[in-house]
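When reading the values below, keep in mind they use all heavy atoms of this one structure, side chains included, and skip hydrogens, waters and symmetry mates. What you see is a predicted model, and the numbers here were worked out from it, not measured in a lab. Within every chain, numbering begins at 1; the chains are lettered A, B, ... in the order of the sequence lines, protein sequences first and strands thereafter.
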Protein chains: 6
Amino acid sequence: MQRPVTLFTGQWADLPLETLAKKVSQWGFDGLELACSGDHFEVRRAITEPQYVQSRWDILHKYNLKCYAISNHHVGQAVCDPIDSRHKNILPAYVWGDGKPEGVHERAAKEMMDTARAAAAFGVTRVTGFTGSPIWHLLYSYPPNNFAEIEKGYEDFAQRWNPIIDVFEREGMKFCLEVHPTEIAYDFVTTRKALDAIDNRPGFGINFDPSHLIPQFLDPAAFIGEFANRIYHIHIKDSKRYLDGRKSILGSHLNFGEAGRGWEFVSSGHGDVDFESIIRALNRIGYSGPLSIEWEDSGMDREWGAQDALAFVRRTDFAPSAVAFDAAFRRDQTTSQAAS
Amino acid sequence: MQRPVTLFTGQWADLPLETLAKKVSQWGFDGLELACSGDHFEVRRAITEPQYVQSRWDILHKYNLKCYAISNHHVGQAVCDPIDSRHKNILPAYVWGDGKPEGVHERAAKEMMDTARAAAAFGVTRVTGFTGSPIWHLLYSYPPNNFAEIEKGYEDFAQRWNPIIDVFEREGMKFCLEVHPTEIAYDFVTTRKALDAIDNRPGFGINFDPSHLIPQFLDPAAFIGEFANRIYHIHIKDSKRYLDGRKSILGSHLNFGEAGRGWEFVSSGHGDVDFESIIRALNRIGYSGPLSIEWEDSGMDREWGAQDALAFVRRTDFAPSAVAFDAAFRRDQTTSQAAS
Amino acid sequence: MQRPVTLFTGQWADLPLETLAKKVSQWGFDGLELACSGDHFEVRRAITEPQYVQSRWDILHKYNLKCYAISNHHVGQAVCDPIDSRHKNILPAYVWGDGKPEGVHERAAKEMMDTARAAAAFGVTRVTGFTGSPIWHLLYSYPPNNFAEIEKGYEDFAQRWNPIIDVFEREGMKFCLEVHPTEIAYDFVTTRKALDAIDNRPGFGINFDPSHLIPQFLDPAAFIGEFANRIYHIHIKDSKRYLDGRKSILGSHLNFGEAGRGWEFVSSGHGDVDFESIIRALNRIGYSGPLSIEWEDSGMDREWGAQDALAFVRRTDFAPSAVAFDAAFRRDQTTSQAAS
Amino acid sequence: MQRPVTLFTGQWADLPLETLAKKVSQWGFDGLELACSGDHFEVRRAITEPQYVQSRWDILHKYNLKCYAISNHHVGQAVCDPIDSRHKNILPAYVWGDGKPEGVHERAAKEMMDTARAAAAFGVTRVTGFTGSPIWHLLYSYPPNNFAEIEKGYEDFAQRWNPIIDVFEREGMKFCLEVHPTEIAYDFVTTRKALDAIDNRPGFGINFDPSHLIPQFLDPAAFIGEFANRIYHIHIKDSKRYLDGRKSILGSHLNFGEAGRGWEFVSSGHGDVDFESIIRALNRIGYSGPLSIEWEDSGMDREWGAQDALAFVRRTDFAPSAVAFDAAFRRDQTTSQAAS
Amino acid sequence: MQRPVTLFTGQWADLPLETLAKKVSQWGFDGLELACSGDHFEVRRAITEPQYVQSRWDILHKYNLKCYAISNHHVGQAVCDPIDSRHKNILPAYVWGDGKPEGVHERAAKEMMDTARAAAAFGVTRVTGFTGSPIWHLLYSYPPNNFAEIEKGYEDFAQRWNPIIDVFEREGMKFCLEVHPTEIAYDFVTTRKALDAIDNRPGFGINFDPSHLIPQFLDPAAFIGEFANRIYHIHIKDSKRYLDGRKSILGSHLNFGEAGRGWEFVSSGHGDVDFESIIRALNRIGYSGPLSIEWEDSGMDREWGAQDALAFVRRTDFAPSAVAFDAAFRRDQTTSQAAS
Amino acid sequence: MQRPVTLFTGQWADLPLETLAKKVSQWGFDGLELACSGDHFEVRRAITEPQYVQSRWDILHKYNLKCYAISNHHVGQAVCDPIDSRHKNILPAYVWGDGKPEGVHERAAKEMMDTARAAAAFGVTRVTGFTGSPIWHLLYSYPPNNFAEIEKGYEDFAQRWNPIIDVFEREGMKFCLEVHPTEIAYDFVTTRKALDAIDNRPGFGINFDPSHLIPQFLDPAAFIGEFANRIYHIHIKDSKRYLDGRKSILGSHLNFGEAGRGWEFVSSGHGDVDFESIIRALNRIGYSGPLSIEWEDSGMDREWGAQDALAFVRRTDFAPSAVAFDAAFRRDQTTSQAAS
């Protein structure tokens, strides 16, 4: 019950920031993770209009909210992805431009650099987001992959993102990749490979989100253990498997919430994520940043759910033991009781 | 946290209705499902005494309680069952009469028709109850069943209940069978067959109670999905399996609460029912009626438990997502974030 | 690979004994457990016709087959059961008589006494069979049982069977109840109660058949451990649960083999019975009698299956360790290696 | 132990047909499922060279082998897929042509029509294969799918395949889609949709292969049950999950056999497929065609494995029960024993 | 929500009793189980200083706290253990003396007799503690145990503890062994043997603590059932298994809290103990004494955790059913509803 | 089916080598792993009598048996262990001497050096065995361990074994520790620490035996993966957990085979070891040495079991895929079929 709890605003972009801030403050959140969507945080204005970033803080301060991170998932996705019509819907018009892939890639890369600058100007140290992936569509090797092409995918990623990370590091910022299907890293193996591809440089780390690991049968706490020194930000989000022999873990090309899917995102505390193990792992690695609730559940009222999730996080996030500090002292008197 | 929560009064028939109503109101329930037991709801008086139904409402209104359904489980049981001495204990004397089976069957059928009339007079639209079964005792096929006799059992059921449902439909009432061992329908297969036997007529549906499915290893949420258009009423009741290789799932002819049973009824939220999946299923099919707690737990104080169960239901019954309503709007702006 | 393996002839009663004996001998069985069905073993003839039992042995000897036990399941069932039309199909006409229950009970009891005498005359020491149950139909307590009636059921059983066991003990025979749903004993609890009801007298023991324990989630090896001194005969029979949330463990009033059942009998080695644990348990208690395959599988060719089951038993039935006999000797030299 | 067992030749295309036929015959297979790879079966020659199909039969007959089906997986894949460089490796040069997508699609469609004609000329009634998919790459909905595009994918499939199926039906052939990731149908939901898209016309059915269902946590026997009337051919192939919290079920973009994958294809009988349930399901639906072993296991010697798989199939493929045929007879005498 | 909840003070011995009492009272505990550590309870002073026991009560009363038991785990351990340097740290100097084993054993035994006297003087009836074990170090039989030596271990235990229990029984006290690895009894088998070794005399019983059973895969509720008449005191403590194929259940010689252990003690309600089953078992056997929280969790703040554990116990400890008391009455009217 | 299969002779030391060799040869084994027990292999004679080693080979050759390793588990155990009376039973008299611990340690260390020399003289390259452990008895930290003492235990081990390994390395031998409870290394953590303590010198590796990992819930195949370059020899031995909530995984101080133990050693193929995963792991790391069956099962006849285990190993030990060798070739033609 000690880390600040923020709400990620991506799923609330239909509400003006002020409307959302007022609600969230009343619900008891400590702050917001501002998404570059709707009027929540606009990169271009932040680096061109002198008063813009202050206008954001004015709203936040009015409702007594903090901010530790900016999200720019959509634009990051366009840096490495093969571009198709779906990207048009998620990009600002000036990034999409004429939609020719290489131009989109370049403008997206430039926008991510600007996001680093904007976030720095805003006064935070984390940008969360996606990278896209040149090889995601080769997930299932049929027609058989040429696996050299897979290796080349990691190199492409490095080539496109290294210049962006240069800017992040220059600005004192960390880019925090949300490990996620469709990204260059989505599991243990690919995260190892992606970090290796950029020589584990410190400007690039992880926005840990356990909800994407559950449908892959991965162990979130073990993930924190292995990548401890690159865990830069935390999303609290849950997912649940509904496997009964008829529903595929691959999702059946069904939209979230449609009957028949093998898994769904659910409000935190309602799914298969073991958040207590995550809190213990975060205590162990000394993470003291915010816990940012990304709320998404196609079967639950959004406002009821956000409050429910906040209460869940508050009661789950306990402080680590301080007793270890006086272990020498206690050895004589107290730890002798340790195993009774 | 939106559906009304009522208490089924069957397990409290030792208390006068007013005593019970006062307690239940203080505990925070929204209403009662009145059982035809004790002085809670008496069919004969309801159809013969002009003031009787108002007298019931007076008590309910005094304590600010609603009522959506009347239960007449015991009498319904006698419609199809082979009659034995156990039925005497659960029937009004005027239904038991001389106890000769065919007479009991006929008087029980007539009483169920009267229950429809009484409930209609009282102003509710649901009667919950049992049907009995002419073939339950043939559950395990040894000596080997003549399976034509099983089929004949469904026909007998239809023959005895169709005239009753005629009255229900005439009165604008729904009979809600609690799918349950010892009834004509106790699982998926037998529910399909029972509904088919009466041509799926709308006056006959289901009082869904998950506690009877758990000891059969059935999936309650899937049951709601399959029989969605016949889910007319909901009982919130829980059960728990205690299987350790020495305890039989069949119950060992032990009474509830005796050591050694392989399963027990327990206070809701303390057993193996996954109520959240049930709520999600009810949200999906659009059920907006009451959630009626049937409280039974041989190892827990009744009054402590009823309050505990109410609190459990309140925090489990969340509203469905309203975001789908503006999906078109959100597609351009927000759902693009959907999978992050 | 040391105990004799016999085939129980009940499921083959459509074949004359000689036809069956020839097949079974060719398949490699060591013997038969003769059922009182078809021409396999006829109690009345065995005690009235001087040459009859020899005629049975002549057939067996011709095909080099042994016999350790006679089965009379059907008649035993009629001793305690409430009699209905199904019993007519499984009883000899002279036992059924006019079908009036008390007369059937008495003639069935007398026939079981005669079975003891016939089996003794035939030269075996075991009769396997059923007891029936006066209370099986009260399995699920609704309408609520008067549990004093349950206790009375065990007393009735004792009263009806004690005179039969008198004859068994006089003849040096053991009656071996197949613990089974519809019998007085079908699980741990009811077996304890049934044995207690007859004061654990030695003439009454168990024909252990694990296939009836699996659908109850009971542990067959633990059953052998607890009732070790009453395990008088062994049936090798298997069953399998097919639970998927839609199929009930109670069987849905479906016949064996119908789609939709939650469990089935299957050829031994194809189900959920862990036969190796059973063999280890039998080794531990020192059972050296026959393993009698009761073959039943509604989805497999009978003759293919019987041979498959025999091969399965042969490779599963290993000898117990003899090393324990020289443990004193080995302690100095060899068992020092024991845990390496 | 009654259905013919064939070997699918796709994984052996490096061996001339005669070499392979000789080996396979010695190992004891009953026949081959000829792949359109290497010199095994060449469509163009089959429809242009008068002696060609006889030359194939000559080899088969020489080694006493049967053939029930031709496979043309690779070309079928190119009918609907977005074409990329990987397709070049799997297509005959005359189908690939200049590699421009629409031309490839058309030539592939024409080649599949010719495959139907060639197979008919060869004298079999089944062609197994793939369809490709215009929407597979949209598996994970980020950037968010426009789900209307998914629906359009099924329509595209229908539009491209209906003319091919016209030829199949005209020739008296069945096309048998191997339900498989990267195809229009890969699970229950998508198989339903794909069959609906072509109005369940009889010329298009399923080559059932359980190995592709295991990594999706699907129930192969239930699949056979649901699509019983479209199960036209069977592949016997196995796969195994190696999930330990570190390995992703999605495969991590690793090739088969690389350490770290969450699942692998393995020799039949060595994985997670429950083949006995499949045999029981095939017995139930009356499938009497061949069981065609598709052998693939990156960790086992190919020749050792093919023989091991054959032995496995022989001992697993038991005949259905014939006893049901005389059920009426047995009811009086024998089935009375049914549940003992 | 009816049994008193106390805090065991062993893990808080670094705090003076008054400091601890104040905190604990504010948190809402009902009392303390005083450990003979720090200044919490000193045996020597209790039997030599006339005012000492009153001084302890004064502190307790000041904060409105009760006390039902004294703990002297450390000294009990030294009665039977092979003595090594670790014991020096846990024993009062006057018990350790010169550290020669037999002298330590004798002084420890005498101190336990004095503890009985001191506790009696203080006015409680329970002393919780350890016994030590002469054979614990022979846990894994290599070099192979002479199992006669194991039997002798139980005899040694009896010989050393019988005189101590004499004093306990004389003083009207119960010694309550915490069944625990390193003690003479740590599981079902060894508890049976230990109780047998002292002829089940009533002065020696069990301080039930489920946290020590979980890493052994034992069933705590079944333990209460079997040893019902020797359950004299309850510790509420939890533990959790973290097995993933790399972590050993044996603990790897790692200290609690070190990464890599296969199990840990955790704050109650956060582990694998099913406390509800324990409460039901305690209700069944009629235990009405205190529930004493022994708080230990190497990954959680101690003060946050103690309050969390208290809240957990309060909401888990429900009263047994009182309805059984009027069962006779209800049989006619209400229990007829029992199974609906 | 390609690696040689040997029998470890430790459990057969009551038989003269020639007697055993004759049996084993008839059963079809390829060779023996000679234990320094009975007359199987005597170190002192091997280094002092010129003809001794040849006499052993004469017997082996007579029965066409190979030998790849000598075992000296018992003497190795005495190098680091706290010495007690149990060691007397497992040591040659000249090693035990007067039994004073430090002398025993020294003589045991010298004997292990001689074992290296003797095995070298005999012409093998592997000695399997134990190390003992100075800290095993501190397994459960109560009285609380001083964990510095644990660290010192690894140092002691290194100090005592480094001089022995010097001799092994000089002689071109590998010492192969059987990772096992009571040894310095018994799981992943302690194996890492033990190997680190001796700086991972190549003369010291592992005799992999999965049976000791199962009762610790460890993953044997993962163990091979992690310690791949130190896997020098393989024992094929199995164990099985019998946990039912009443039996402790710690073994309850019961001897192997006694009723009530939570786990047992069982004949290979009859327990919880997944040998196929082990074979796949060995194929992956390229282990081509012998598979040495260590046969131990307290519930099975020794001679029946040894043959059963041999047959099990033969059918489980398949060759790795050779197809990878021609992968370049197949890429164009065949692997294109890879995922169908």
For His253(B) and Tyr186(C), does a side-chain donor sit closer than 3.5 Å to a side-chain acceptor?
->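 Yes, because at least one side-chain N or O of His253(B) sits under 3.5 Å from a partner of the opposite role on Tyr186(C).
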Pair Asn146(B)-Arg86(C), side-chain donor/acceptor within less than 3.5 Å =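 Asn146(B) vs Arg86(C): no donor-acceptor pair found between side chains.
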Which of the residues Pro82(B), Gly262(B), Ala78(B), Pro181(B) is involved in the greatest number of heavy-atom pairs with chain C at under 4.5 angstrom?
->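 The residue among Pro82(B), Gly262(B), Ala78(B), Pro181(B) with the greatest pair count is Pro181(B).
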Given a strict heavy-atom distance threshold of 4.5 Å, which part of [X] is in contact with chain C: side chain, backbone, both, or neither?
{"X": "Leu218(B)", "value": "both"}
{"X": "Leu213(B)", "value": "neither"}
{"X": "Pro220(B)", "value": "neither"}
{"X": "Lys247(B)", "value": "backbone"}
{"X": "Glu226(B)", "value": "neither"}

Could you tell me if the side chain of [Y] sits less than 4.5 Å from the side chain of [X], heavy atoms only?
{"X": "Asn145(B)", "Y": "Asn255(C)", "result": "no"}
{"X": "Tyr140(B)", "Y": "His137(C)", "result": "no"}
{"X": "Pro143(C)", "Y": "Asp81(B)", "result": "yes"}

Should we count CD of Gln159(C) as having more than 12 external heavy atoms under 6.0 Å?
->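 No, the 6.0 Å shell around CD holds no more than 12 heavy atoms from other groups.
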Spacing of Trp136(B) atom CH2 and Leu139(C) atom CG [to the nearest 0.5 Å] =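 If I round to the nearest 0.5 Å, the distance is 7.0 Å.
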Could you tell me whether Tyr142(C) and His73(B) have their ring centroids closer than 6.0 angstrom?
->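 Judged by ring-centre distance (under 6.0 Å), Tyr142(C) and His73(B) do not meet the cut-off.
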Sort out for me which of Leu250(C), Ile150(C), Leu243(C), Thr190(C) touches chain B most, counting heavy-atom pairs under 4.5 Å.
->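 Between Leu250(C), Ile150(C), Leu243(C), Thr190(C), the count favours Leu250(C).
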Considering all heavy atoms, the nearest Gly260(B)-Val189(C) contact =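 For Gly260(B) and Val189(C), the tightest heavy-atom pair comes out as O-CG2, 4.2 Å.
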At a heavy-atom separation under 4.5 Å, does Ser252(C) approach chain B through its side chain, its backbone, both, or neither?
->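 Both the backbone and the side chain of Ser252(C) come within 4.5 Å of chain B.
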Contact part of Ser248(C) toward chain B, heavy-atom cut-off under 4.5 Å: side chain, backbone, both or neither?
->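 Looking at Ser248(C), backbone and side chain both touch chain B.
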